[in-house]
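Shown next, in structure tokens, is the structure this report addresses.
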Amino acid sequence: MEANHGSSSNIMLTELGKLTQLGRLNLLRLSKEDGKVLCSSLEKLSSLYSLCVHAKDENEIIDLDSLSSAPQRLRLLDLCGRLQNLPHWIPSLHNLTRIFLWWSKLRDDGPLQLLQHLPNLVSLDLLSACQGDELCFKAGGFRKLVKLVLCSFEELRWVRVEAGSMPLLKELQITKCNLMTKVPSGIEHLTNLKLLLLSDMSDILISSLNRNLEGGDYWKIALIPEVWILDSKSGSWKGTLEPKSCFHMSEPKSLHSHHTVEDPSIEYSSENMETLSISSPDQALSSNSSNSTPEGMSVMEKFRIVRSVGEECIHEDELRNLLSNNPEPVCYDGFEPSGRMHIAQGIMKIISVNKMTSAGCRVKFWIADWFAKMNNKMGGDLEKIKDVGDYIIEVWKAAGLNLQGGKVEFIWSSKEINSRASEYWPLVMDIASRNTLSRIKRCAPIMGRGEADELMAAQRKVNVLAREYCDLDKSKNKPIILSHHMLPGLKEGQEKMSKSDPSSSIFMEDEEAVVNLKIKKAYCPPMVVQGNPCVEYIEHIILPWFHEFKVERSADNGGEKTFKSFEELVADYESGNLHPADVKPALSKALNKILQPVREHFNIDPTAKDLLRKVKRYQVTS
């Protein structure tokens with residue numbers, strides 16, 4: 001909403017006070033004179049959880065001092081404009097999780113002292129927020145802060161981090177602070193820091209991080225897994241620092257399927273027996289050479305998109321370097337045709353693959369029909385397995401998998417192996433001969449139907465084995481592994497959906513009434529997010545697909561509400577303001593909207609209809 005200066009602006013801002021159920025408020029082009037009227041209205045907006053106030057220009061003062069009591073549910077605060085002082089009511093907002101202060105130009109580091117004790121603050125963005133040559137983060141302050149951004153501090157020379165400050169900080173970005181000649185003093189105390197981004201900083205500071213410079217500061221950042229140095233004017237990296245110690249990636253609790261990203265000019269080695277594909281450089285480069293990375297997308301943007309696919313990445317520095325040097329890397333994924341497709345395999349795969357192709361990657365699906373036969377899927381009948389594979393492809397096409405431009409390719413393992421047997425079997429023998437029997441046996445559970453934890457552990461061991469084989473074989477590139485989230489089943493304690501238990505899964509062509517019934521019966525404890533499948537489906541399916549989650553309910557029950565972020569939804573659910581009786585109908589409606597094109601395709605298209613009829617008849621295996 002834009003403020004119209006003059007009497008009409010006062011009327012508009014006064015009327016805001018009547019919107020007592022308002023949750024999000026964005027105000028643009030505000031003037032200093034609007035402040036008192038706005039404050040009067042804000043005091044009446046008790047339901048407000050997100051407030052964004054932007055002045056008409058960066059030199060205009062935002063006057064919010066007359067606000068005696070701010071809405072206590074505020075979780076996000078965005079103030080863009082000059083501040084004569086930090087509003088006195090901010091330290092009382094104990095629910096705040098994110099703060100943006102732009103162009104406030106407050107004196108010294110006083111704002112830090114007022115903000116440091118906010119108990120739930122996880123993200124702080126400061127752009128030209130303070131004037132002065134030093135910022136000090138005191139011991140015991142910012143206990144939950146995870147991300148800190150410092151940008152365009154024209155006078156800033158020193159940043160000091162005392163021991164015990166920001167103990168959970170994972171990401172630190174410092175941009176356009178040109179007078180800084182050293183990285184923050186005490187940065188070595190930030191033991192959880194995973195990413196340091198330095199953009200448009202002085203050459204003196206960057207030079208001090210040279211690992212070969214005697215008396216330099218490299219030792220301060222040596223244990224940070226990722227250090228990025230960017231020159232935004234040229235759009236290129238000024239330098240990439242590799243830490244002395246390897247980044248030890250802890251294994252996530254939930255891994256689902258695994259993408260392998262590699263340079264198409266490199267002959268591929270083995271990721272695992274389900275996703276192995278052997279392609280010569282000529283073949284890899286021959287198809288769809290016109291599908292270049294979207295113009296104007298920086299390496300950082302591509303990295304952000306591709307990295308967001310996985311909960312774990314082995315390894316991030318390799319992925320970043322690949323994306324820097326190759327505009328069209330190849331991503332390999334694979335699946336066993338084993339029955340009807342549930343939404344974990346259907347919708348989540350589409351979201352991941354579409355992200356990959358949007359960043360310029362090409363995706364090759366390995367359809368593991370021979371391995372399905374080995375695992376007795378569909379009773380070991382290859383014709384039935386072929387039908388299931390064709391059915392899965394039809395589902396993805398109908399649901400929205402981006403196949404334009406030929407960036408996605410499906411490869412049947414039986415055809416690929418048979419056509420290139422002289423390359424495949426010597427590779428299998430070489431892998432076997434270079435590893436001990438016990439090592440191979442540790443990877444063997446991936447070939448069977450073990451429990452979820454056992455299969456996930458085996459999958460990771462296979463991935464590591466593939467990378468180690470590349471070291472032994474002196475391959476130029478090792479496969480880079482992205483492992484993404486495993487969606488749980490609908491019942492309490494189910495770590496994954498099971499095709500052999502239809503009540504635990506939502507299938508891609510389930511009718512609307514069936515989806516409604518399954519969600520109605522799903523485990524969804526009030527005020528509990530951890531282990532709640534309904535909440536997980538919203539996080540990993542609905543929000544990525546629609547970028548919002550809309551709840552429709554009567555005014556007596558809180559009225560309609562649209563959630564734009566998962567954090568916002570969690571806050572309402574854990575507080576009890578959002579009830580399972582609100583969540584379930586809204587979740588069913590959103591899922592049915594995604595699945596409707598699939599239903600229509602399998603009802604109208606004769607080939608798809610026949611495939612579904614066959615697959616429903618076949619033996620169902622998990």
Side-chain angles (χ1 to χ4, degrees), residues 58-59 78-83 86 98-116 121-138 141-142 145-162 165-166 169-190 192-211 213 215-222 224 226-241 298-300 304:
E58 65 184 65
N59 294 312
D78 181 349
L79 302 179
C80 183
R82 291 289 299 273
L83 295 174
L86 192 72
R98 300 183 69 186
I99 294 178
F100 299 83
L101 294 179
W102 289 20
W103 309 113
S104 50
K105 298 185 178 179
L106 295 159
R107 292 306 307 173
D108 302 319
D109 62 357
L112 296 185
Q113 312 318 316
L114 293 175
L115 299 177
Q116 65 177 337
L121 189 65
V122 297
S123 179
L124 178 61
D125 283 55
L126 302 175
L127 187 151
S128 195
C130 303
Q131 295 176 315
D133 58 9
E134 183 178 11
L135 290 178
C136 180
F137 294 84
K138 299 285 188 180
F142 297 104
L145 199 67
V146 174
K147 178 181 178 181
L148 173 64
V149 177
L150 304 175
C151 181
S152 298
F153 283 68
E154 295 176 354
E155 301 176 5
L156 185 63
R157 294 178 181 273
W158 305 283
V159 175
R160 188 155 49 91
V161 180
E162 295 183 357
S165 176
M166 302 183 287
L169 195 71
K170 293 184 178 181
E171 180 175 341
L172 173 59
Q173 298 183 23
I174 307 178
T175 302
K176 296 182 180 178
C177 298
N178 297 317
L179 296 184
M180 288 184 63
T181 58
K182 297 281 187 179
V183 292
S185 170
I187 193 173
E188 63 274 16
H189 299 317
L190 303 176
N192 283 305
L193 194 62
K194 299 292 187 291
L195 169 64
L196 172 63
L197 171 62
L198 302 172
S199 177
D200 299 324
M201 301 295 284
S202 70
D203 291 337
I204 297 175
L205 186 150
I206 302 305
S207 299
S208 73
L209 301 179
N210 188 321
R211 72 165 67 202
L213 179 66
D217 287 339
Y218 177 78
W219 66 273
K220 294 182 179 181
I221 64 166
I224 302 175
E226 288 186 80
V227 180
W228 297 1
I229 298 174
L230 183 65
D231 182 353
S232 66
K233 292 180 180 178
S234 64
S236 62
W237 302 104
K238 291 175 70 175
T240 300
L241 303 175
S298 68
V299 172
M300 185 184 298
R304 294 275 189 196

How far does [atom1] of [X] sit from [atom2] of [Y], to the nearest 0.5 angstrom?
| X | Y | atom1 | atom2 | result |
| --- | --- | --- | --- | --- |
| N178 | M201 | CG | CE | 7.0 Å |
| L193 | E226 | CG | CD | 10.5 Å |
| I221 | L172 | CD1 | CG | 11.0 Å |
| L179 | D133 | CG | CG | 9.5 Å |
| F153 | I174 | CZ | CD1 | 10.0 Å |
| L169 | L148 | CG | CG | 6.0 Å |

Of all the heavy-atom pairs spanning [X] and [Y], show the shortest one and how long it is.
| X | Y | result |
| --- | --- | --- |
| L195 | I224 | N-CG2, 4.2 Å |
| N59 | K105 | OD1-NZ, 4.1 Å |
| K182 | L205 | O-CD1, 3.3 Å |
| L209 | L198 | CD1-CD1, 3.7 Å |
| M180 | S202 | O-OG, 2.8 Å |
| S152 | C177 | N-SG, 4.2 Å |

Counting only N and O atoms by type, is there a donor-acceptor contact under 3.5 Å from the side chain of S104 to the main-chain atoms of A129?
yes
Measure from the side-chain N and O atoms of S165 to the backbone N and O of V161, and report whether any donor-acceptor pair falls under 3.5 Å.
no
Just jot down the salt bridge (charged side-chain N to carboxylate O under 4.0 Å, His left out) partners of R157, sequence neighbours excluded, or say none.
none
Which residues pass the salt bridge (charged side-chain N to carboxylate O under 4.0 Å, His left out) test with E188, sequence neighbours left out?
none
With [X], which residues qualify under side-chain contact (heavy atoms from CB on, under 4.5 Å), at least two apart?
| X | value |
| --- | --- |
| S208 | D217 |
| Q116 | Q113, K138, F142 |
| E155 | R107, Q131 |

Residues, nucleotides or ligands: over 12 heavy atoms within 6.0 Å of L213 CG
yes
Taking atom CZ of R98 as the centre, report whether more than 12 heavy atoms of other residues, nucleotides or ligands fall under 6.0 Å from it.
no
For V159 and F137: C-alpha separation, side-chain torsions, deciding distance, then whether side chain to side chain contact (heavy atoms under 4.5 Å, CB included) applies.
CA-CA 8 Å; V159 175; F137 294 84; 3.9 Å; yes
Take L190 and L196 through the side chain to side chain contact (heavy atoms under 4.5 Å, CB included) test and state the conclusion after the steps.
CA-CA 11 Å; L190 303 176; L196 172 63; over 6 Å; no
Take C80 and W103 through the test side chain to side chain contact (heavy atoms under 4.5 Å, CB included) and record every step on the way to the result.
CA-CA 6 Å; C80 183; W103 309 113; 3.6 Å; yes
Side-chain heavy-atom pair K147, Q173 within 4.5 angstrom cut-off
yes
